[in-house]
2 protein chains.
Amino acid sequence: MSVTYPRGFRASGMSSGIKENGRPDLALVVSDRPARAAALSTANRFKAASLLVSLEHLRRGEKRAVLINSGNANCLNGRAGLEMTRRLVAELAAALQVPVEEVLFASTGKIGLLLPESKITGALPSLLAGLGDHGHAAAEAIMTTDRVAKEYRFETGLAGRTGPVRLGGMAKGVGMIRPELATMIAVITTDAAIEASALRQALKESVQESFNMLTVDEDQSTNDFVLVLANGAAGNPRIKAGTPAYAVFRDALRDCCVDLTRQLAADGEGAEKLIVVKVGGAWSLRDARRIARRIAGSSLVKSMISGSNPNWGRVLAAAGSCAARIRPEKVRLDLAGVPVFAAGEKIAGDPAELRNRLEKKEIMIELDLGLGAFSATAYGCDLTEEYVRINQEYS
Amino acid sequence: MSVTYPRGFRASGMSSGIKENGRPDLALVVSDRPARAAALSTANRFKAASLLVSLEHLRRGEKRAVLINSGNANCLNGRAGLEMTRRLVAELAAALQVPVEEVLFASTGKIGLLLPESKITGALPSLLAGLGDHGHAAAEAIMTTDRVAKEYRFETGLAGRTGPVRLGGMAKGVGMIRPELATMIAVITTDAAIEASALRQALKESVQESFNMLTVDEDQSTNDFVLVLANGAAGNPRIKAGTPAYAVFRDALRDCCVDLTRQLAADGEGAEKLIVVKVGGAWSLRDARRIARRIAGSSLVKSMISGSNPNWGRVLAAAGSCAARIRPEKVRLDLAGVPVFAAGEKIAGDPAELRNRLEKKEIMIELDLGLGAFSATAYGCDLTEEYVRINQEYS
């Protein structure tokens with residue numbers, strides 16, 4: 001299901017041989033009819049060839065398909081890499097009998113290796129033949145160091161000619177994650193009918209509160225890509241920005257993005273715990289977001305959570321290192337539901353109770369700045385020795 | 001020697017019982033005559049009580065002594081912590097028979113614990129009685145998770161009445177290190193005679209190229225403090241800014257700061273390798289510094305170096321994630337002296353040779369942006385499982 005849950009979407013996933021260990025590495029999502037598309041991508045100055053071509057194609061028009069490979073980032077391979085990417089996209093477009101601009105491409109994996117072109121072209125017929133209700137197979141084929149596939153599906157109350165509007169999503173990406181415009185790879189499908197500008201706005205608003213608030217290691221990928229395809233198969237009245245229907249759709253899209261974000265954080269490289277950081281009472285939204293992300297991204301906070309260690313001073317030190325308004329005497333901090341700091345000093349609580357709560361799989365860090373009305377939530381994970389092992393060896 | 005190498009400085013270090021394991025935890029550096037002082041400190045919004053009091057005292061006048069404790073950050077303990085800090089500094093000033101404003105205080109260790117006041121006041125007589133040529137004992141007493149003491153001494157050609165001008169320095173700080181105005185704790189002594197404004201300027205310039213280019217984990221401490229004391233005991237003509245003598249002194253001070261920075265990076269928490277990142281050909285100095293620090297601070301680059309893994313794409317991904325001018329086709333990257341990327345693509349070299357070189361204890365990463373004349377060097381260390389273990393348990 002997931003990306004094949006909305007009507008009019010088919011998907012497939014398979015092993016094409018890009019990954020030497022034979023695991024699935026090639027996914028295709030196709031809409032049976034032209035779909036409105038909106039996307040956000042990495043701000044990195046070095047962008048993958050797949051992304052460069054997709055960004056060209058995204059400039060205008062509707063889309064029919066997105067091809068995604070894992071095991072190779074298709075990045076920093078010069079002109080040869082870019083030309084090969086164009087050939088692959090053209091070949092897929094010809095097979096689908098659609099204009100080349102209607103095909104998008106995303107890649108994830110190691111940087112600086114040419115894609116094995118013949119393996120991919122050799123696999124395309126099977127990939128196409130396998131198209132069906134295989135959202136799960138697609139979600140598995142985009143995994144790199146992910147331990148589990150990330151999937152989502154949801155039905156909104158927006159009734160259409162053929163029933164409620166549906167959303168489906170899949171995502172990958174457990175390391176090299178830092179929010180800036182977008183992170184990792186996510187493909188979201190919906191059968192909603194919606195205007196292109198409204199879709200872009202809904203995506204932007206949703207990403208601000210979800211993928212942009214996710215951090216695993218403060219490293220930013222060259223391949224980050226979040227795509228939403230809306231094919232209108234639900235037959236609902238076309239959604240326009242600023243209407244009640246838009247609000248319902250935007251909330252559904254945001255919930256999808258937040259859910260995938262939580263799944264990504266919980267499966268961070270080597271991670272054993274999900275960390276949710278809520279910052280409230282901030283003087284500005286920017287302050288709230290900045291502080292929440294800094295806390296979630298702090299190596300020392302992450303190590304402390306990994307060790308179930310109530311060293312809360314690290315949380316405040318991380319918060320205080322941001323260019324944001326803070327008055328220490330107004331700050332209140334709760335760790336795993338236990339108040340630990342207020343009015344400028346430590347709250348003497350029950351250390352055993354706090355340690356117990358820090359053993360849980362999901363740790364909430366709540367910071368109230370006591371200065372204003374803005375709040376934000378960031379998502380991260382603990383830092384374990386396994387993260388280091390994975391990234392010592394990854395190549 | 002180190003801080004007691006310049007004439008007219010005495011120091012001592014001892015165990016006062018702040019650290020439960022009985023290791024040295026209290027250091028004192030005293031100048032026999034009033035010394036000009038310049039300092040830079042953390043930009044963190046939460047500052048240690050020791051630092052708050054020192055910053056007040058630093059506003060004007062000469063200084064005679066700096067007390068430093070390890071094992072307790074003396075931070076975020078509210079009014080009680082601040083009042084105790086004032087009492088401790090006053091007691092030391094009385095014992096030294098100097099005005100309270102001539103005494104500075106720095107602390108390092110865990111946040112949120114009140115200092116054991118009676119242990120420190122009980123130790124002061126022995127600390128004072130022990131004053132002598134004990135720079136090494138002082139350097140040992142300021143260590144926390146440091147494995148080795150960081151010390152430096154140097155003699156410049158600036159002749160004075162009693163011989164050349166001398167500089168000595170000590171530093172601590174192996175985790176929670178991110179450059180912003182200053183990092184960690186460093187005390188530098190010199191017997192140079194120098195105007196206060198020239199001393200401030202020389203420190204600022206030196207820190208820009210040294211401690212501000214150091215990163216261990218991108219976390220910022222609440223206690224960072226870099227102090228230089230110049231007591232004029234060398235009897236040289238007083239150094240003024242903008243003179244040849246100033247240039248000689250500034251270079252000597254910068255070399256001291258760079259040397260201590262390298263020692264700090266090499267002894268980063270859990271670190272096995274020193275990473276030196278040189279960025280050249282940048283369009284601006286800001287770009288060069290930003291990119292060098294980002295590369296040195298990247299968890300993925302640090303893990304890769306730890307694993308002696310030639311995954312150079314991570315270095316470029318880190319560089320590209322900065323808000324800085326980069327044109328991928330102009331970039332050249334050498335890793336451990338081996339060219340790996342130029343003209344937009346990988347350079348096919350000898351992978352075995354590269355892996356061999358990555359096994360070394362000091363890894364140089366050289367990035368030429370090919371855009372301009374600015375360059376910068378950053379200092380960091382690899383990320384190992386030991387870093388995670390240390391910081392899971394630290395409390």
Side-chain angles (χ1 to χ4, degrees), chain A residues 43-47 73 75-81 110-112 175-176 178 180 217-222 297-301 303-304 306-307 309-314 316-324 326 328-329 341 343-346 383-385 387-395, chain B residues 43-47 73 75-81 110-112 175-176 178 180 217-222 297-301 303-304 306-307 309-314 316-324 326 328-329 341 343-346 383-385 387-395:
Chain A
N44 202 295
R45 299 294 193 267
F46 297 98
K47 288 182 171 61
C75 184
L76 289 175
N77 295 304
R79 179 174 290 194
K110 191 174 173 189
I111 297 170
M176 213 180 237
R178 187 177 69 119
E180 200 151 310
D217 49 16
E218 299 288 288
D219 272 84
Q220 183 192 50
S221 156
T222 51
S298 157
S299 292
L300 290 176
V301 171
S303 303
M304 167 192 110
S306 167
N309 188 331
N311 194 348
W312 51 266
R314 291 180 172 176
L316 295 181
S321 72
C322 297
I326 292 180
E329 70 280 11
F341 184 87
E345 54 198 294
K346 170 167 76 165
L383 174 63
T384 67
E385 297 167 48
Y387 174 89
V388 180
R389 276 194 290 273
I390 290 170
N391 287 300
Q392 282 170 336
E393 291 156 18
Y394 186 78
S395 61
Chain B
N44 202 298
R45 298 294 194 268
F46 297 98
K47 288 182 171 61
C75 184
L76 290 174
N77 296 305
R79 177 173 291 194
K110 191 173 172 189
I111 298 170
M176 213 180 236
R178 187 177 70 119
E180 202 152 309
D217 49 16
E218 299 287 288
D219 272 85
Q220 184 192 49
S221 155
T222 50
S298 157
S299 293
L300 290 175
V301 171
S303 304
M304 168 192 109
S306 167
N309 188 330
N311 194 349
W312 51 265
R314 289 180 173 176
L316 295 180
S321 72
C322 298
I326 291 180
E329 70 281 10
F341 184 86
E345 53 198 295
K346 169 168 76 166
L383 175 62
T384 67
E385 297 166 47
Y387 174 90
V388 180
R389 275 193 292 271
I390 291 169
N391 287 299
Q392 282 170 337
E393 291 156 19
Y394 187 78
S395 62

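None of these values were measured; they are calculated from a predicted model. So that the names make sense, note that chain A is the first sequence line, chain B the second, and so on, each numbered from 1.
Nearest heavy-atom pair across B/Ala319 and A/Phe46 is CB-CE1, 4.4 Å.
Contacts of B/Ala73 with chain A are absent, with no heavy-atom separation under 4.5 Å from either backbone or side chain. Neither the backbone nor the side chain of A/Ala80 comes within contact range of chain B; no heavy atoms are under 4.5 Å apart.
Annotation: side chain of A/Leu76 is in contact with side chain of B/Leu316 (closest heavy-atom distance under 4.5 Å).
Between chain B and the options A/Gly320, A/Pro328, A/Gly78, A/Gly81, heavy-atom pairs under 4.5 Å are most frequent for A/Gly320. The candidate with the highest count of non-hydrogen atom pairs below 4.5 Å against chain B, out of A/Met304, A/Glu345, A/Glu385, is A/Glu385. Between chain B and the options A/Ile326, A/Val388, A/Thr384, heavy-atom pairs under 4.5 Å are most frequent for A/Val388.
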